[in-house]
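Quick caveat: nothing in here was measured; it's all calculated off a predicted structure. Residue numbers begin at 1 in each chain, while the letters A, B, ... track the order of the sequences.
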Protein chains: 2
Amino acid sequence: MTDEKIKVLLCEDDENLGMLLREYLQTKGYDADLQPDGEAGYKAFTKKKYDLCVFDVMMPKKDGFALAADVRAINTEVPIIFLTAKSMKEDILQGFKLGADDYLSKPFSMEELLYRIESILRRVKGKRVKDLVAYQLGGFTFDAQKQLLTFDGVSKKLTTKESELLNLLAANANNILERNFALKTIWVDDNYFNARSMDVYITKLRKLLKEDANVGIINIHGKGYKLITPQVKEE
Amino acid sequence: MTDEKIKVLLCEDDENLGMLLREYLQTKGYDADLQPDGEAGYKAFTKKKYDLCVFDVMMPKKDGFALAADVRAINTEVPIIFLTAKSMKEDILQGFKLGADDYLSKPFSMEELLYRIESILRRVKGKRVKDLVAYQLGGFTFDAQKQLLTFDGVSKKLTTKESELLNLLAANANNILERNFALKTIWVDDNYFNARSMDVYITKLRKLLKEDANVGIINIHGKGYKLITPQVKEE
DNA sequence: CAATCCGCTTAAATAAAGTTAAGTTAAATA
DNA sequence: TATTTAACTTAACTTTATTTAAGCGGATTG
């Protein structure tokens, strides 16, 4: 019954981004450590057995590629994901693409990072990471995997964005889901237009959910949203 | 029971790239040799019976096409894959006339190369590369080797493209198969027309799969496709 | 209670994906 | 070698998904 958490080493010099990613991975059940530069990252790697690394390419003291080389010298197996700047030349990118298990060019959504981490863990370790996700929301059943919302035996196929948003809401059911968090998770950037886009999807979800009066999305002014749903007895 | 390794001749002048590829192919069970230029490549080819060649197009002393021509002079059968720099329309055509079986334009991922190698070996030489290639997809059985999709005792022979696409989808069952990855691995080039072509094949596969309501292909807007199939309990 | 900010909704615009059918090409066969 | 067939691509068009725009209404703050 020892459900060991997967240990992730995150090296990112942008503190905001780093903290955000670390927090997100933690909420997703990972044991994520954050280091602000390559040297600190290397030190951390020597002290703990990580299952996966996420390295920013551009970092002070030691860049992500050099760090990866040092890490490879003591461990040839651990998967490495690089976070690269968007304006990287193809030939340089080629190197990363081949030496890395995967790479993500900025800006990316947190969901995307998670997706890549999970697919690598699946490939490399053969672990089944995502257990089937089906939420019970009052009279609704929401299958995030299949993007299907079912009520009274009738299933409706949700679009990708609808499903991603409902998934986040459901994961925080009866708790506040912060606007900015949702935006960064799903839309990458929390700018004005994406915020408007999210508004539109909140409206859509409300329409979908109004068949059951006990389920709904309420707004917490200036903070975010809360998916209200009857508490399901857990375990 | 002599499970002879498949011999691959790799010619690539970029040492980093070459070593990476050689190592990767070796870990995947191939007997891969690396040569740094066309002349050395030719010399190596005369000394050992290779099952497949991977030639970089731009190499010192003798480029990949010249090397291929020389190789063809003594062996008209051995499959050749070219690694090309981006945007080489005419060169590519020339290469194909010389009997290239496939080509990959940089940058590519090692996965992509591996996939090409395997599908060429499957197609051209009829070798059994991967052992388990029979997927259970709900009520369907899909044998990628034989390109057979069976439902309720009735088998249907799929075309090459149908089978390749379903194979990729099945390998990533219940997870996202990225559009670009599929395009690059199956269609080589991820241009507009090939994307339309892939659409057509998605439609075909959906028709084929609709006999079982629990199986289907859903689109992840802007990212790719996901083959939905009942989870099979793993041990 | 005004001014402002934030959120809601509907509609229009754009972009991505889906469908069907008509071309092409190349392999099979007659 | 001509004819037919199958596989695949290209084209034209339809539908769906997502974003942008615009106006309205409620909430918060001074």
Side-chain angles (χ1 to χ4, degrees), chain A residues 107 109 111-112 147-149 156-169 176-183 185-210 216-228, chain B residues 93 96-97 99 101-102 119 123-124 147-149 156-167 169 176-183 185-210 216-228:
Chain A
S109 70
E111 258 197 331
E112 233 173 300
Q147 301 187 179
L148 231 44
L149 185 67
K156 177 145 191 358
K157 169 87 171 58
L158 303 189
T159 73
T160 306
K161 280 267 154 28
E162 285 166 352
S163 176
E164 286 175 325
L165 185 53
L166 184 54
N167 191 212
L168 266 192
L169 285 161
I176 189 161
L177 168 67
E178 284 176 49
R179 272 190 89 91
N180 280 359
F181 182 79
L183 282 167
T185 305
I186 300 175
W187 275 269
V188 180
D189 219 347
D190 60 346
N191 63 30
Y192 174 83
F193 291 109
N194 288 336
R196 289 317 101 235
S197 202
M198 180 165 146
D199 287 349
V200 171
Y201 278 93
I202 289 289
T203 298
K204 289 185 180 180
L205 289 180
R206 281 179 173 147
K207 274 185 190 156
L208 289 168
L209 294 174
K210 75 182 163 200
I217 299 167
I218 63 169
N219 173 254
I220 313 296
H221 193 94
K223 297 221 164 57
Y225 296 94
K226 195 188 276 189
L227 176 68
I228 302 296
Chain B
L93 283 173
F96 278 117
K97 277 176 201 156
D101 294 273
D102 210 341
S119 68
R123 268 203 307 256
V124 178
Q147 301 186 187
L148 279 180
L149 185 67
K156 179 153 189 353
K157 175 86 166 65
L158 303 189
T159 72
T160 307
K161 282 268 168 356
E162 285 167 350
S163 176
E164 284 180 324
L165 186 53
L166 185 54
N167 190 212
L169 285 162
I176 298 176
L177 167 66
E178 286 176 54
R179 268 190 93 92
N180 278 2
F181 182 80
L183 280 168
T185 52
I186 299 176
W187 276 268
V188 182
D189 224 343
D190 60 346
N191 63 31
Y192 174 84
F193 291 108
N194 288 335
R196 289 315 100 237
S197 201
M198 179 164 146
D199 287 348
V200 171
Y201 278 92
I202 288 289
T203 299
K204 290 184 181 183
L205 289 180
R206 282 180 172 148
K207 274 185 190 155
L208 289 168
L209 294 175
K210 76 180 164 203
I217 299 168
I218 65 172
N219 172 253
I220 312 297
H221 193 95
K223 295 207 175 70
Y225 294 94
K226 196 191 277 185
L227 176 69
I228 300 293

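The heavy-atom pair separating A:Pro107 from A:Val188 by the smallest distance is CB-CG1, 3.5 Å. Between A:Leu183 and A:Asn194 the shortest heavy-atom distance is CD2-O, 3.5 Å. Closest heavy-atom contact between A:Arg206 and A:Asn219: NH2-N, 3.8 Å.
For the pair B:Arg206 CZ and D:dT15 P, the computed distance is 16 Å after rounding to whole Å. In this structure, CD1 of B:Ile218 is placed 16 Å from P of D:dT16, rounded to the nearest angstrom.
The partner of C:dA30, taking Watson-Crick or G-U wobble pairs whose two distances both stay under 3.5 Å, is D:dT1.
Taking CD1 of B:Ile186 as the start and NZ of B:Lys161 as the end, the distance is 7.5 Å to the nearest 0.5 Å. For the atom pair CZ of A:Arg179 and CE of A:Met198, the computed distance is 5.0 Å after rounding to the nearest 0.5 Å. For the atom pair B:Lys156 NZ and B:Leu149 CG, the distance stands at 8.5 Å (nearest 0.5 Å).
Of the candidates B:Leu177, B:Leu165, B:Thr203, B:Leu227, B:Leu227 is the only one forming a side-chain contact (heavy atoms from CB on, under 4.5 Å) with B:Ile217.
Residue A:Lys223 places its NZ atom among 12 or fewer non-hydrogen atoms of other residues, nucleotides or ligands, all under 6.0 Å distant.
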For nucleotides 26-30 of chain D, which of its nitrogen or oxygen atoms have a protein nitrogen or oxygen under 3.5 Å away, and what is each distance?
none

Can you tabulate the close N/O pairs, meaning under 3.5 Å, that link protein atoms to atoms of nucleotides 6-13 of chain D?
residue	atom	partner	partner atom	Å
D:dC8	OP1	B:Lys161	N	3.3
D:dC8	OP2	B:Thr159	OG1	2.4
D:dC8	OP2	B:Tyr201	OH	3.4
D:dC8	O5'	B:Tyr201	OH	3.3
D:dT9	OP2	B:Trp187	NE1	3.0
D:dT9	OP2	B:Ser197	OG	2.9

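Judged purely by atom type and a 3.5 angstrom limit, B:Asp190 has no side-chain atom pairing as donor or acceptor with the backbone of B:Asn180. In this structure, the side chain of A:Thr160 engages the main chain of B:His221 through a donor-acceptor pair within 3.5 Å.
Contacts between chain B and DNA chain C, taken as any atom within less than 4.0 angstrom of a protein heavy atom, begin and end at C:dA16 to C:dT20.
Summary of the strand contacts: A:Asn219 and A:Lys207 both lie near DNA chain C, and taking for each the nucleotide with the nearest heavy atom, the more 5' one is attributed to A:Asn219.
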